[in-house]
Amino acid sequence: MRPCVHVLFFVWLLTCPCGTHEQEEEEEEEYEYILEVPPEEDSDDRPSEDAKPSPRALLCPKDCKCTQEGVVDCAGVDLREFPIELPEFTNHLSLQNNQIEEIPPEDLTRLYRLETLNLQNNRLTSRGLSDDLFEQLENLSYLYLANNKLTLAPRFLPSSLISADFAANYITKLYGMTFGHKPHLRSVYLHNNKLTDAGLPEDIFNSSRNVEILILSSNFLKYVPKNLPPALNKLHLRNNKLEKIPVEAFSNLSDLRELYLQNNLLTNEGMSNETFGKLARLEYLDLSSNNLMHIPGGLPRNIVILHLEKNNIRSISKDVLTQIRNLEYLLLHNNKLRARGMHPDAFLGLKKLHTVHMYNNLLEKVPAGLPRRVKTLMLLHNQISSISKNDFATTYFLEDLNLSYNKIMSSTVHRDAFRKLRLLKTLEMSGNSLKSVPYGLPRNLEILKLKENDISSVPHDTLSGLSKLKELYLSNNKLKINSVYTGAWVELSSLQLLDLSGNLLSYVPPDLPESLEYLYLQSNKIVTISDNAFDSTPNIKRIFLRFNLLTPETVKESAFHGLEKLQVLDIESNLALPKVSKKKVVEKEKEEEEEEEEEEDRRR
Ligand SMILES: *[C@@H]1O[C@H](CO)[C@@H](O)[C@H](O)[C@H]1NC(C)=O
Ligand SMILES: *[C@@H]1O[C@H](CO)[C@@H](O)[C@H](O)[C@H]1NC(C)=O
Ligand SMILES: *[C@@H]1O[C@H](CO)[C@@H](O)[C@H](O)[C@H]1NC(C)=O
Ligand SMILES: *[C@@H]1O[C@H](CO)[C@@H](O)[C@H](O)[C@H]1NC(C)=O
Ligand SMILES: *[C@@H]1O[C@H](CO)[C@@H](O)[C@H](O)[C@H]1NC(C)=O
């Protein structure tokens with residue numbers, strides 16, 4: 001590859017100064033190719049040393065890189081002033097990450113062919129930019145001024161503008177001609193400024209009907225700006241002070257796909273059931289972190305993702321959601337929902353709705369009429385105290401159910417409650433008041449979490465048939481060796497992880513399944529490790545035995561012999577450390593590491 005590049009370069013040097021027009025074009029292509037040489041080749045310097053340089057190449061400010069095509073890169077070279085000796089034909093100028101405070105008008109207007117001007121991350125102030133500074137750059141399309149110290153937007157910008165980034169300044173005011181009369185303008189970034197309603201004239205987008213992206217997040221707006229361009233695709237208004245949305249505010253935005261309104265002061269009184277009605281293409285609506293008491297009516301049917309979390313929503317009426325036929329994600333966590341406030345037909349016909357988050361609410365039971373196609377249902381951190389027979393009778397598609405941190409008791413879980421959940425893979429009921437492992441667990445479970453309950457028994461057959469279970473968490477319960485029915489573990493023929501830490505076990509459970517790789521037994525009352533404790537688990541990789549009652553005498557070292565895959569045996573913080581075992585493991589880990597390294601070497 002490299003020799004070839006050199007040859008090309010050499011050829012170009014020989015032919016360059018005397019070529020015809022046609023040749024020039026070819027050569028330019030070659031030159032582009034040469035530019036791809038890695039920096040250490042130092043190709044930039046060569047023309048001036050080895051051959052007659054083209055006059056253009058001479059004009060390039062110190063520390064900058066210039067190309068024949070008019071690309072000038074002075075990014076991050078600690079410039080304090082706008083560079084003056086720029087080639088006149090510059091059309092792409094990178095000056096980001098410098099310390100420039102002002103731009104003398106004559107220095108910029110000289111660069112009349114500029115198309116891209118990147119001034120991000122400098123120290124430009126509004127005083128340092130004259131009002132019509134940019135207007136004369138008749139081809140300026142991309143103007144990046146983010147991360148400066150501007151307090152006012154430029155009063156005039158050229159009509160050729162396509163994209164303008166003014167984010168992260170201190171802008172309080174825009175003018176009618178800042179973004180008005182720009183037929184090509186597509187995107188405007190104004191987030192993280194200090195704009196108030198008074199700083200936005202009503203005509204900011206006069207004759208700029210093609211703006212597709214308008215980002216106004218993190219300002220101080222109380223109202224949605226008027227006369228928004230009808231081509232808008234994305235409108236971001238999060239983190240403002242919006243209290244009200246005028247009825248007509250979005251009425252012309254039939255192309256809008258993404259609307260961010262989160263983190264404002266919106267109330268239901270501040271909007272009507274027609275506010276969103278015309279947004280026929282809206283797919284993403286975020287109304288989270290506002291002051292809504294209920295779900296606004298009239299939401300358009302094509303919404304796919306609806307964020308309503310972190311409001312004060314207390315109820316869901318019959319017909320606020322059902323028309324959103326394309327809804328897939330409904331996020332309602334951190335509200336004040338009660339099951340009795342939710343109409344049983346609230347989700348009727350929402351066939352695409354597969355993810356519902358209702359955690360951190362006040363649900364006293366599982367809401368009736370759950371969407372039939374729901375796959376992921378997050379009900380954790382509520383007040384649910386029972387699971388009745390029909391709570392999940394119609395949610396055949398459920399794969400992931402989280403009921404952790406509720407008030408569920410063993411006596412209130414119906415034995416047939418989960419019978420229809422043939423596809424359920426993950427069931428979490430940690431942090432409840434279960435006294436035993438529930439009956440009727442779905443057969444295809446892969447992960448079962450029952451941490452932090454009061455479980456003191458694993459009744460006969462509760463784990464039978466869970467042949468796909470890979471991970472079982474029973475930590476921080478009250479299990480003893482004899483509270484688990486005989487043969488419970490060995491039936492779990494796919495089990496890889498068993499967490500029994502924080503229980504009352506007095507020795508390592510017998511009959512662990514052969515598939516087991518991770519065994520957590522720390523913080524129990526284990527007094528002895530017998531010879532054959534791990535006979536049934538030849539695949540074990542990690543064993544945790546910290547905080548038990550073991551002594552060197554009661555740990556039979558031979559128990560760990562033959563465990564070829566063992567990587568970690570954590571047995572510290574017992575009554576006394578069995579020294580030999582520890583050392584052995586350290587050595588073993590070392591060996592493992594070396595082996596891994598070797599393997600990597602081999603792969604290289
Ligand atoms: C602006 O762009 C157009 C179209 O590419 C071109 O014809 C014209 O010469 C450019 N003007 C300047 C001043 O470079
Ligand atoms: C915008 O349009 C309105 C109504 O047509 C007009 O009164 C106003 O002067 C225009 N402003 C600009 C900056 O074009
Ligand atoms: C919507 O468009 C119509 C016709 O262009 C215009 O009269 C009206 O003011 C626009 N409404 C808003 C809120 O921009
Ligand atoms: C909006 O609400 C009003 C009164 O509350 C009702 O008459 C009207 O039918 C509703 N419109 C829609 C589109 O839901
Ligand atoms: C279920 O809830 C618990 C408790 O907050 C959490 O740790 C866990 O990640 C949740 N599960 C899923 C799949 O989100």
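Both counts, for ligands and for their atoms, begin at 1 and track the order of listing. All values reported here derive from a predicted model rather than from experimental measurement.
The aromatic ring centres of Tyr518 and Phe544 sit 6.0 Å or more apart. Note: His357 and Tyr329 fail the aromatic proximity criterion, with ring centroids not under 6.0 Å apart.
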May I have a table of the N/O to N/O pairs between ligand 2 and the protein that fall below 3.5 Å, each row giving the two atom names and the distance to 0.1 Å?
residue  : atom   : partner : partner atom : Å
ligand 2 : 2 (O)  : Asn206  : OD1          : 3.3
ligand 2 : 2 (O)  : Asn206  : ND2          : 2.2
ligand 2 : 11 (N) : Asp203  : OD2          : 2.9
ligand 2 : 11 (N) : Asn206  : ND2          : 2.8
ligand 2 : 14 (O) : His181  : NE2          : 2.6
ligand 2 : 14 (O) : Asn206  : ND2          : 3.0

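Applying the 6.0 Å contact sphere to CZ of Arg110 captures more than 12 heavy atoms from other residues, nucleotides or ligands. More than 12 non-hydrogen atoms from other residues, nucleotides or ligands lie less than 6.0 angstrom from OH of Tyr284.
Residues Leu434 and Ile408 have side chains in contact (heavy-atom distance under 4.5 Å, counting atoms from C-beta outward). Side chains of Met358 and Leu370 form a contact here, defined as non-hydrogen atoms less than 4.5 Å apart. No side-chain heavy atom of Leu463 sits under 4.5 Å from any side-chain heavy atom of Val484.
Considering backbone and side-chain N/O atoms, Tyr112 never comes within less than 3.5 Å of an N/O atom of ligand 1. Between Thr426 and ligand 5, no N or O atom pair is found at a separation short of 3.5 Å. In terms of N/O distances under 3.5 Å, ligand 5 is not approached by Asp400.
Ligand-side atoms of ligand 5 in range of Tyr405: 4 (C), range being under 4.0 angstrom from any heavy atom. Below 4.0 Å from some heavy atom of Met378 lie the following atoms of ligand 5, by number and element: 12 (C), 13 (C), 14 (O). Set against the non-hydrogen atoms of Asn402, the atoms of ligand 5 under 4.0 Å away are 1 (C), 2 (O), 3 (C), 8 (C), 10 (C), 11 (N), 12 (C), 14 (O).
Residue Phe166 forms a ring-ring contact (aromatic ring centres under 6.0 Å, His included) with just one option from Phe179, Phe134, Tyr144, Tyr189, and that option is Phe179.
Under 3.5 Å, the side chains of Gln383 and Lys407 contain a donor-acceptor pair of N or O atoms.
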